[in-house]
Each structure stands twice: as C-alpha cells, then as structure tokens.
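To start, the structure itself, in structure tokens.
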Protein chains: 2
Amino acid sequence: MTVRYEPLVTESLAKQVAEKIRGSITDGRLKADDQLPTEEELAQQFQVSRPTIREALKRLAAQSLIRSRRGPSGGTFVNRPSQEEVRSNLTTATALLVSLGEFSIPEILEARQDLELVCIRHAAQRREEPELAVMREEIEIQERSTVSDTDFCASDVRFHRAIADASHNPVLQFAMFTVIEALQPIENMVVFHVRQRDMIVKQHKKILAALSERKAGAAAQAVTEQMEYLRARFDEAHELRRARISA
Amino acid sequence: MTVRYEPLVTESLAKQVAEKIRGSITDGRLKADDQLPTEEELAQQFQVSRPTIREALKRLAAQSLIRSRRGPSGGTFVNRPSQEEVRSNLTTATALLVSLGEFSIPEILEARQDLELVCIRHAAQRREEPELAVMREEIEIQERSTVSDTDFCASDVRFHRAIADASHNPVLQFAMFTVIEALQPIENMVVFHVRQRDMIVKQHKKILAALSERKAGAAAQAVTEQMEYLRARFDEAHELRRARISA
DNA sequence: TTTAATTAATTTGCTTGACAAATATTATAT
DNA sequence: ATATAATATTTGTCAAGCAAATTAATTAAA
C-alpha cells in the first residue's frame, strides 16, 4: 500500500491558519468586503481553538488585510487596503531598515535624486493646479521665520510629495514616498545642524516656477541643483563628524 | 481641582499594546536582538491577560519586527528585519493593490520603464561579473524550448532583478523589485497569450551585451525597445479583449 | 575525573470555558 | 407609528492550565 506523506509541519498553527486565509485572499477566492466565517466556525473548520484563530486573524489585521466589527451584523471582513495603509506599513519597515544602517546615506541620496528626476519630468507635463497650490502653500510656510525646525522639515516632505503627486503615476508615487520618508530623518539632521533654510526655499521656488511653466529641463535642473546642494551639506557634516572623532 | 483627561481610547487593548511595543522599537529604545520581557511579565506590566499580549505580539510578528523561541533561553526578541523579509511583505501588499486594480497596466509599465532606465544607467557603470553571469544563465534557460511558460516568466523576473542588482544601489533595488513583482502577473498574461519568447530573449541578449561592454546608451536603448514591445503587446491584448466584449 | 544520560526548569504554543462589550434585530409599550 | 426595551449575535478579554521545546543542572556510569 502506498502512503502519501504530508509535508512535515513545524510552523505554528496560528501561522499556518493565517497563511491559508491569506492565500484565499491573494488568489482571489475571497474578494474585498467578503465576510469570513465567525471565529467559532473558523475554529471548527481548522480544528483549532478560538484564541489560535484570533492570533492568526491578528497577523492579517496587522497588514490591514482584514477588519473586524463586533455585533450581530459584525464579523471579520476582507479589507480593501488603501494605498495609504500599505504605504504606512512600508514606511515603518523602511525607516527601520534605515535606522539599522541597511542603506547608506549616499545610496539614499542617489536613489532620491534619480527617482525625483523621473517624477519631475512627468510632473512638468501633467501637473495640475492642486499640486502647484500645495507647493505654493508649503513654500509660504517655509519662508516664515517663526516655523520650528520640525515643522520646516515636515513642510519640506509635503513639498516633495507634491512633486511625486504631480507625476500622476501612483506607482511612481508609491516608490517616491518611500524614499522621501526614508530620507526624512537624515534631512532633519541637515536642517538641525546646518540651518540653511534660505537656500532650500530658493530652490523650491525655482522648481515651482519651472513646473508652472511646464519647463521639464529647468525643473530637472533645479532638482539636480538641490540634490547636489544636499549632498554637499552631508559631506560637510560627515567631515565634521570624522574631525570630531579623530580629535 | 484640575483634571487631566486621558484621550478617549476605543482601540482594542491588543492593538494599543502592539503600538506601544512597536514605538519602543522604532524610536530605538529597543534595538535589534534585544529581548522583550516574557509574555507573563508583559501581561503584568500592561495589566492585560496573556492572550491579549500574544495577539499584540502576533501583530508585530506578522511584520517580522519580532521573533519568538520556546525554551529557557527562549523568549521574544527584536528582529533585525532583512531586506528580503521587508520586501516579501511589501510584495504581497503590492500584489494585492494590483489585483484590486489600484494601479493600471499603463501606469505600471511606465513606472517600470522609468525605473529600469535609472537602474540600467548605473548598471552600465557598476555591473560586476556575478550579475552578468546570472543574466547569461537566465537567457540560457529562456532559450530552452522545453521550459514551461511559468518557468519562463520566473526566469524573466530573475533577469530583470539582476539588472536592478547590477545598479549596486539597494534603495533602487528595493523600489525596482516592487515594480517587477507587481508586473509579474501581467507579464504572465502576455507570455501565456502572445507566446512571443524569441523577441524577448533577443532583447535580453542585447541588454546583456550592452552591459558587458559598459555601453550605457545602448543598454538604455535596449530596455526602451523591450518596454515598447511589451506595451504594444498589451495594447493588442487590450484590443482583443475589447473586441471580444463588443462582439 | 570525565562523559553521557536524565531530570528539572523556563518559556512559548495551545486549549477550554466563560464573561464583557458592542451592535443590529425584534418585541413591546406608549 | 414611534420610541424604548429586551434579545441575540459576534468580537474582545480574561483565567487557569497543560503541552512542547529547549536549555541548564544533576546524576550516574565509565
């Protein structure tokens, strides 16, 4: 008699259950807003206890693949993950990688320059009034001398996100946002240490002007200028740190 | 007497606990490989039950922020998330967004062309033997007529990942991998429906040759060619589908 | 004395059973 | 007919305990 061996399973039950359910979502058997069976029923189907089912569901909830509501019409439903949610998950993960030193500063700067150049070329073609309005607004904030360093940096992030938005390609936005967020702590360092806001604002104005007139070349030029400026400031900071260490 | 109101909390306990712990990881109070208190101790500290703590930990485990091991020397530890893990999480999330139609096919194709052009310019400068070897190997696989459609697509993905690798910028790799993975199901469609492998292999050879000789212009040209070819095939497929529907 | 096997201790993994809280439905009273 | 109250359903939480894995300590044997 032939025996079909099941694969040896060492994964935890909760993880297996989570994978099974995740599978039925990703392969389309469960669509957005579909309702899952109740925890009780799932427990029976998988032949595990309810807390185990709950651990599995929490894994999925952590990736905002599902949402739960209490009550008779409640239950667990497949989530339609918004780009926002996915992006925020991605951002925390990326920030962690950065903080662990997986990416070096020059690498981040290079990637950011490359990606922003791609975005700005499309932006020069496709930018609409709303994005220009955001940029104008942020420049105004950045010009106020009363604005704190933290707020200045936050405004800077919003300005560059507006550039990504103006590309009107959500995939590029997605990639760009990640790099912008990843760069933020580093950018904070610069602003805090170097305190050269005027230059940055001047460059932002140049970018805005070029986009307003749909001049792709000038916009690319302005972006390149700013990135080279940032790079120089970072090199300075690096020199300073080395000097301090060796002293 | 003045009263300080705590913010009204409607989030579930498990979620709050997870956020607290996540916070102490992302702000650096807990570093990689640090050990968390036992579930029992956490339950006491947060004044909740152990299953609630476990649900919280599972949320974090789902994002591979922590790992657990049983036994006396076991416990829960802060994970040093590898790029692989973060990427695989990101990939499933992105695939879901694609399957939900958050990104259109032309948008994905455009982003992929732009990003791959960025990668290939760096690759022409920095490519090393290992990446060229991978490309050669994959081309060889793709030339075999016995290879299944699925395997052909998988090899294609590996080929393009090698291009991203050759850029030697992990941030770009990160962004590029996402888009490649996102495109894969669509690419499968093309190969399955159009069955034009020769052309793709020919283009891959052109890319490899240009990279071998470090000719950035030729490499960019070859990439553009392939992307325009794919775009044309997709338009055809789209035409076909529309024709079928209207018929 | 050294080495191997056994035992004990610790920590996560899982189960059972129960109650609390939220929320829609249904029944009741005005 | 409408407002209110009771009820049923489902997730959220708790409690206590056993199982499994794994290391450290202990004991027995060579």
Side-chain angles (χ1 to χ4, degrees), chain A residues 6-22 24-25 30 32-80 85, chain B residues 6-22 24-25 30 32-80 85:
Chain A
E6 286 291 311
L8 289 180
V9 171
T10 54
E11 296 282 356
S12 77
L13 288 177
K15 197 164 186 176
Q16 291 179 58
V17 171
E19 284 310 315
K20 287 253 181 194
I21 297 177
R22 188 206 310 287
S24 41
I25 293 175
L30 282 172
D33 298 328
D34 278 358
Q35 182 167 13
L36 273 69
T38 67
E39 297 180 350
E40 202 76 50
E41 282 171 334
L42 285 173
Q44 283 181 13
Q45 285 182 27
F46 285 107
Q47 284 293 302
V48 295
S49 72
R50 221 188 109 204
T52 302
I53 291 289
R54 284 183 62 76
E55 284 188 11
L57 292 180
K58 288 323 158 201
R59 296 182 101 98
L60 302 178
Q63 297 166 325
S64 45
L65 259 66
I66 58 173
R67 74 189 118 84
S68 297
R69 231 182 36 229
R70 283 198 274 213
S73 80
T76 305
F77 300 84
V78 177
N79 231 341
R80 171 179 292 276
E85 281 169 331
Chain B
E6 286 291 311
L8 289 181
V9 170
T10 54
E11 295 281 354
S12 76
L13 289 177
K15 195 163 187 176
Q16 291 179 59
V17 170
E19 284 310 315
K20 287 251 180 195
I21 298 177
R22 186 205 312 286
S24 40
I25 294 176
L30 282 172
D33 298 327
D34 277 359
Q35 182 168 12
L36 273 69
T38 67
E39 297 179 350
E40 202 77 51
E41 282 171 333
L42 286 173
Q44 282 180 16
Q45 286 182 27
F46 285 107
Q47 284 294 304
V48 296
S49 72
R50 226 190 105 203
T52 302
I53 291 289
R54 284 183 62 75
E55 285 188 11
L57 293 180
K58 287 325 159 203
R59 296 183 100 100
L60 302 177
Q63 298 167 324
S64 46
L65 258 64
I66 58 172
R67 73 190 119 83
S68 297
R69 230 183 36 230
R70 283 196 276 212
S73 80
T76 305
F77 301 85
V78 177
N79 229 341
R80 171 178 294 275
E85 281 169 331

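By convention in this document, chain letters (A, B, ...) are assigned in the order of the sequence lines, proteins followed by strands, and residues within each chain are numbered from 1.
- Atoms CD (B:Gln35) and C1' (C:dT12) sit 12 Å apart, rounded to a whole Å.
- In this structure, A:Glu55 places its CD atom 12 Å from C1' of C:dT15, rounding to the nearest Å.
- Evaluation of the side chain to side chain contact (heavy atoms under 4.5 Å, CB included) rule for B:Lys20 yields B:Phe46 as partners, not counting sequence neighbours.
- Remark: B:Arg69 pairs with B:Ser73 by the side chain to side chain contact (heavy atoms under 4.5 Å, CB included) rule, at least two apart or across chains.
- When each of A:Val17, A:Thr76, A:Ile21, A:Leu36 is paired with A:Ile53, the side-chain contact (heavy atoms from CB on, under 4.5 Å) condition holds for A:Val17 and for no other.
- Residues passing the side chain to side chain contact (heavy atoms under 4.5 Å, CB included) test with A:Thr38, sequence neighbours excluded: A:Glu40, A:Glu41.
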Do any N or O atoms of the protein come closer than 3.5 Å to N or O atoms of nucleotides 24-27 of chain C, and which pairs are they?
none

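- Proximity of A:Thr52 to the phosphate of C:dT15: a side-chain N or O atom is located under 4.0 Å from OP1 or OP2.
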Exercise answer: donor-acceptor pairs, residues 56-64 of chain B side-chain atoms, under 3.5 Å, sequence neighbours excluded:
{"from": "B:Gln63", "atom 1": "OE1", "to": "B:Arg22", "atom 2": "NH1", "distance (Å)": "2.6"}
{"from": "B:Gln63", "atom 1": "NE2", "to": "A:Ala62", "atom 2": "O", "distance (Å)": "3.3"}

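- Near-neighbour residues of DNA chain C inside residues 41-51 of chain B, defined by a heavy atom below 4.0 Å, number-ordered: B:Arg50.
- Expressed to the nearest 0.5 Å, how far CG of B:Leu65 lies from CD1 of B:Ile25 amounts to 4.5 Å.
- Among the protein residues, A:Lys15 comes within range of no part of the nucleic acid, since none of its heavy atoms lies under 4.0 Å from any strand.
- In this model, the phosphate group of D:dT9 is not approached by any side-chain N or O of A:Thr38 to a distance below 4.0 Å at OP1 or OP2.
- For A:Arg50, the side-chain hydrogen bond (donor to acceptor under 3.5 Å, both in side chains) partners at least two apart in sequence or on another chain are A:Glu39.
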Pairs: protein N or O with nucleotides 5-7 of chain C N or O, under 3.5 Å:
none

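- Heavy-atom nearest nucleotides on DNA chain C were determined for B:Pro37 and for A:Ile53, and the one closer to the 5' end corresponds to B:Pro37.
- Here B:Arg67 pairs with B:Asp33, B:Phe77, B:Asn79 under the side chain to side chain contact (heavy atoms under 4.5 Å, CB included) rule; sequence neighbours left out.
- OP1 or OP2 of C:dT12 lies within a sub-4.0 Å distance of a side-chain N or O belonging to B:Thr76.
- Listed by chain and number, the residues in a side-chain hydrogen bond (donor to acceptor under 3.5 Å, both in side chains) with B:Ser24 amount to none (sequence neighbours excluded).
- When rounded to the nearest whole Å, the span between CG of B:Leu13 and C1' of C:dA21 equals 12 Å.
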